[in-house]
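Beneath this line is the structure, given in structure tokens, with notes to follow.
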Number of protein chains: 2
Amino acid sequence: MGIIRKTKSVKTLLNEFNKNSSAISVTELITRLNSKFNKTTIYRVLDKLEDDGVLHSFLGKNGLKWYAKCNGCTADNHSDVHPHFQCLDCGKVDCLSINITLPKIPNRKIDLAQFLIQGQCDECLT
Amino acid sequence: MGIIRKTKSVKTLLNEFNKNSSAISVTELITRLNSKFNKTTIYRVLDKLEDDGVLHSFLGKNGLKWYAKCNGCTADNHSDVHPHFQCLDCGKVDCLSINITLPKIPNRKIDLAQFLIQGQCDECLT
DNA sequence: AATATAATGCAACATAGTTGCAATAAAAAA
DNA sequence: TTTTTTATTGCAACTATGTTGCATTATATT
Ligand SMILES: [Mn+2]
Ligand SMILES: [Mn+2]
Ligand SMILES: [Zn+2]
Ligand SMILES: [Zn+2]
């Protein structure tokens, strides 16, 4: 079930994601909003925003959970099958709007795929 | 640093991986060998076997750590950049010997990539 | 303003993984 | 074979991420 009431925590979290287009890890959000909201609230709001098709989640380095804004998703129609890029220098994570071609695998049904690419981002390269 | 002494735990763990070619999660190994070895030992031996190029590790569903046998790797030359497939029905994880073509990303340097595909395995399909 | 209930905070819990240190066991030396 | 060296182990305590139940609070509706 998604979000029903526009509470302070919902507005604050949405605001964090509107600052720029980068993904944000849950631990980073908890650190940032530590004084304002309980971590349980943050986990729950993020979960609902994902249900609503506002955010999508994925696992970054070390299996940490990250969230990023969706692009034209709705509650019934999520389509966030794109690779993610994590910079090993600064830690920043971005969604890559690249069409990844899933390999054909005999005798197996593919439901979903997650692709995490690691290296150095544009800013850290120079 | 890798393995120096062929201890019971080393032999036992290698034996687990020689039963078949599937990957094994650390938690599964801890459960299996619970009565014989401490979990700390298991974590440490796996870590060393990876250093030696005997096993390689990756993250499966929920960010859990999995290990699988390497194929012709040495301590100085690991090359385990292949996709992994996890069955959502039985949980089994396999290495896919498929050559994945990394997408070209402008202004970024790619160091490594992990590709986890989820769905149904051959056995669970029928 | 009164009501219904979604959302929150808190404490307690679950699980994966790590660390320091004393005790043990494998390999080398005697 | 016995002694010595030190790599490895077990244990307990810890860190970190994430979850759950329940009483309290805040939002939206009447
Ligand atoms: Mn994304
Ligand atoms: Mn593999
Ligand atoms: Zn960077
Ligand atoms: Zn299966």
Side-chain angles (χ1 to χ4, degrees), chain A residues 1-17 23-68 75 84 86 91 93 114 116, chain B residues 1-17 23-68 75 84 86 91 93 114 116:
Chain A
M1 228 230 308
I3 282 180
I4 296 180
R5 297 180 181 176
K6 268 269 164 93
T7 60
K8 280 177 197 167
S9 60
V10 172
K11 287 176 201 163
T12 307
L13 278 168
L14 284 175
N15 187 51
E16 290 298 318
F17 284 95
I24 317 177
S25 71
V26 179
T27 51
E28 168 65 21
L29 285 168
I30 290 174
T31 304
R32 279 191 209 170
L33 307 175
N34 182 36
S35 58
K36 294 184 184 167
F37 306 103
N38 189 275
K39 66 172 176 174
T40 311
T41 303
I42 295 174
Y43 276 110
R44 290 198 271 227
V45 170
L46 290 171
D47 192 54
K48 288 178 188 170
L49 286 171
E50 184 166 29
D51 268 2
D52 289 337
V54 176
L55 301 177
H56 64 279
S57 72
F58 56 93
L59 301 183
K61 205 161 103 68
N62 302 121
L64 281 211
K65 199 165 193 182
W66 290 70
Y67 282 88
H84 293 98
Q86 181 155 29
V93 175
Q114 40 187 291
L116 181 67
Chain B
M1 228 228 312
I3 281 181
I4 297 179
R5 296 181 183 176
K6 268 268 164 94
T7 60
K8 279 178 197 167
S9 59
V10 172
K11 287 177 202 161
T12 307
L13 277 168
L14 284 175
N15 187 51
E16 290 298 318
F17 285 96
I24 317 177
S25 71
V26 179
T27 51
E28 168 66 19
L29 285 168
I30 290 174
T31 304
R32 278 191 209 169
L33 307 176
N34 183 36
S35 58
K36 293 185 185 167
F37 307 102
N38 189 274
K39 65 172 177 173
T40 311
T41 303
I42 296 175
Y43 277 109
R44 290 197 271 226
V45 171
L46 290 171
D47 193 53
K48 287 178 190 171
L49 286 171
E50 184 167 28
D51 269 2
D52 289 337
V54 177
L55 301 178
H56 64 279
S57 73
F58 57 92
L59 302 183
K61 205 161 104 68
N62 302 120
L64 280 212
K65 200 164 194 182
W66 289 70
Y67 282 87
H84 293 98
Q86 179 155 30
V93 175
Q114 38 186 293
L116 181 67

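Each chain gets a letter, A, B and so on, in the order its sequence line appears, and its residues count up from 1.
Nucleotide dA7(D) holds its C1' atom 16 Å from the NZ atom of K8(B), rounded to whole Å. Here the P atom of nucleotide dA26(D) and the CD1 atom of I3(A) are 18 Å apart, to the nearest Å. Rounded to whole Å, atom P of dG10(D) lies 11 Å from atom CG of L33(B). Rounded to whole angstrom, the span from the CG atom of D52(A) across to the C1' atom of dA7(C) amounts to 14 Å. What separates CG of N34(B) from C1' of dT15(C) is a distance of 14 Å, to the nearest Å.
In this structure, the side chains of L49(B) and I3(B) come closer than 4.5 Å at one or more pairs of heavy atoms. By the 4.5 Å heavy-atom criterion applied to side chains, H84(B) and W66(B) are not counted as neighbours.
Shortest non-hydrogen contact noted between K11(A) and K6(A) is CE-O, 3.5 Å. The shortest heavy-atom contact between K48(A) and M1(A) is CG-O, 3.5 Å.
For the atom pair CG of N62(A) and CD of Q86(A), the computed distance is 8.0 Å after rounding to the nearest 0.5 Å.
Evaluation of the side-chain hydrogen bond (donor to acceptor under 3.5 Å, both in side chains) rule for E50(A) yields S57(A) as partners, not counting sequence neighbours. Remark: E16(B) engages K19(B), R32(B) in a salt bridge (charged side-chain N to carboxylate O under 4.0 Å, His left out) (not counting sequence neighbours).
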Distance-only criterion, 3.5 Å: show the donor-acceptor pairs between side-chain atoms of residues 36-47 of chain B and protein atoms not counting sequence neighbours.
from	atom 1	to	atom 2	distance (Å)
N38(B)	OD1	T40(B)	N	2.8
N38(B)	OD1	T40(B)	OG1	2.8

Identify the pairs formed between an N or O of the protein and an N or O of nucleotides 27-30 of chain C at a distance under 3.5 Å, and give each distance.
from	atom 1	to	atom 2	distance (Å)
dA27(C)	OP1	K6(B)	N	3.1

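L13(A) pairs with exactly one of L55(A), V54(A), L33(A), I24(A) by the side chain to side chain contact (heavy atoms under 4.5 Å, CB included) rule, that one being L33(A).
The main-chain N or O of L59(A) is never found under 3.5 Å from a side-chain atom of Q114(A) such that the two would form a donor-acceptor pair.
The stretch residues 36-44 of chain A touches DNA chain D through K39(A), T40(A), Y43(A), R44(A), each having a heavy atom under 4.0 angstrom from the strand. Using a 4.0 Å cut-off on heavy atoms, the residues of residues 54-68 of chain A that approach DNA chain D are L64(A), K65(A), listed by number.
Classification of the F17(B)-Y67(B) ring pair by plane angle, with boundaries at 30° and 60°, yields perpendicular.
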